[in-house]
Protein chains: 4
Amino acid sequence: MPTENAGVNERLFKYISDTIAITPFYQLLTIHLQKLAPGYAEVWVTPVREHTNPLGLIHGGLIMALADAAMGNAIRTLGINGVTVDCSTSFLSAASPGRALTAQGSVIKAGNKMIFTRAQVVDQEKVIAEVKGTFFNTGIIEL
Amino acid sequence: MPTENAGVNERLFKYISDTIAITPFYQLLTIHLQKLAPGYAEVWVTPVREHTNPLGLIHGGLIMALADAAMGNAIRTLGINGVTVDCSTSFLSAASPGRALTAQGSVIKAGNKMIFTRAQVVDQEKVIAEVKGTFFNTGIIEL
Amino acid sequence: MPTENAGVNERLFKYISDTIAITPFYQLLTIHLQKLAPGYAEVWVTPVREHTNPLGLIHGGLIMALADAAMGNAIRTLGINGVTVDCSTSFLSAASPGRALTAQGSVIKAGNKMIFTRAQVVDQEKVIAEVKGTFFNTGIIEL
Amino acid sequence: MPTENAGVNERLFKYISDTIAITPFYQLLTIHLQKLAPGYAEVWVTPVREHTNPLGLIHGGLIMALADAAMGNAIRTLGINGVTVDCSTSFLSAASPGRALTAQGSVIKAGNKMIFTRAQVVDQEKVIAEVKGTFFNTGIIEL
């Protein structure tokens, strides 16, 4: 799936795309970038058997990792880096293998110290998780 | 590392151990069981390069998955299953590759409907994350 | 301030309005109803000196109570009652005496067992808090 | 009930006690100090009719305010001030008028920037709420 840039500075877009592509944990989980806009990031994964629990449902850990990726990269579109301080996830529906999951992360407020974000994880039909993340601002991205 | 049973019924201990060993997502992340006691579970992982972000630190998604595994299996030691409803994680310190991480999960209250748990994720030296999880009781485990 | 009904059944609207008006804790904190719509509730308070901490800022407890009121009454507009299971609040900005605070609560998903909601607390200029609440469905409201 | 000092510097203990006694929001809710120790604070309230919802149960807002008070003052025993950034509460049991509620707050880690705490709210018989709070360190207390 080609990635979409909806208004982020080209050099910053390339930096974030490249960083996501070479992140070892995203490679292990097969998390990919879909779209970036100022203060917004969308990432996706097609869950497979490797992501399941013994009931055949997608493990919550994959969903929390996907949401964290969306929120952390939404912050990077503002030219700053953040480290996760708090992440609170509500699991609304179970996710199943083969149905692509997308996490849509948005920055609510980016302060000099604390950055507040939220994300929804959805499949084609329903909301899977509602997530709230607080990050600490670790400074501007040097390109 | 051999696993320790500190008071759980033998058939239930074997059921939980076997279930953890064949869970695809735990295999992908190399999460292993360390210890079970009534209302308590310890699981561990040795983080490697595949678990890192571009800064070389361990991704928060691994830590949240590990904590969820500890809390969910702490519930199973009581002979019941639960599905995660809410999971709230505070990240106290960064984790690094090569330093084993252990998640210690405890049941605070197991009701007929809601089950409340907490977990700490630690390495040999410090607390990495403090986690609070709420589960919905999906019924007794049939052995 | 007159209250607004944007689509809730009249008997249900009256029931919820009356209930809010006689709730002792809302009277103590001076929390009032502003608007109801299906799956949505707005409540407000004008913070005064009694709501402050020693720095003269509004105490977080008032803000959490206001958000909980918005989320719980958003659920009631669907003709069901819920009890709070989990409430997670991020404090984005400080609130000050004399500036009215409004909490806007929305139901994200109302299941037979779990109900998921969120709320924002705002003053006239900025977001004060972002809140996520999970409730247990205790059954339909008998009018 | 007399307050107990279990190891906090006398001037700091007096400063914290006096501050709690004159905090308008604590006066409105009748929240009192019970005990301070390094990194630990206990506060209490005897819930009355003014703290109830229409079902006659204690409103969750009182419980969240009490927990926030315990965590914020646990931080002050270390000679520093903090402002609440995130507060996550799980409601384990309902609380009733006339049964005193105590919140026991502990500092898990006090960093230069972020401070991590937890609290339990209990009545004489059971755990009412489990709470996790993250604060931003606003600097040392000048006595």
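Letters A, B, ... are given to chains in the order of the sequence lines, protein chains preceding strands, and every chain is numbered from 1.
Neither the backbone nor the side chain of I20(D) comes within contact range of chain C; no heavy atom of the residue lies under 4.5 Å from a heavy atom of that chain. With a 4.5 Å cut-off on non-hydrogen atoms, L62(C) touches chain D through its backbone and its side chain both.
Listed here is the closest heavy atom pair of G61(C) and A65(D): CA-CB, 3.8 Å.
Between L57(C) and V83(D), every side-chain heavy-atom pair lies at or beyond the 4.5 Å cut-off. Counting heavy atoms from C-beta outward, C87(C) and M64(D) have side chains that approach closer than 4.5 Å. Between V85(C) and F91(D), the closest side-chain pair of non-hydrogen atoms is not below 4.5 Å. Considering only heavy atoms from C-beta on, L28(C) comes within 4.5 Å of L28(D) through its side chain. Using a 4.5 Å heavy-atom cutoff, the side chains of L29(D) and F25(C) are in contact.
For the residue pair N53(D) / T23(C), no side-chain donor-acceptor distance below 3.5 Å is found, with atom types taken as modelled.
Contact count against chain C (heavy-atom pairs under 4.5 Å) is highest for S90(D) among G133(D), S90(D), G60(D).
For NZ of K126(C), the number of neighbouring non-hydrogen atoms (other residues, nucleotides, ligands) closer than 6.0 Å is greater than 12.
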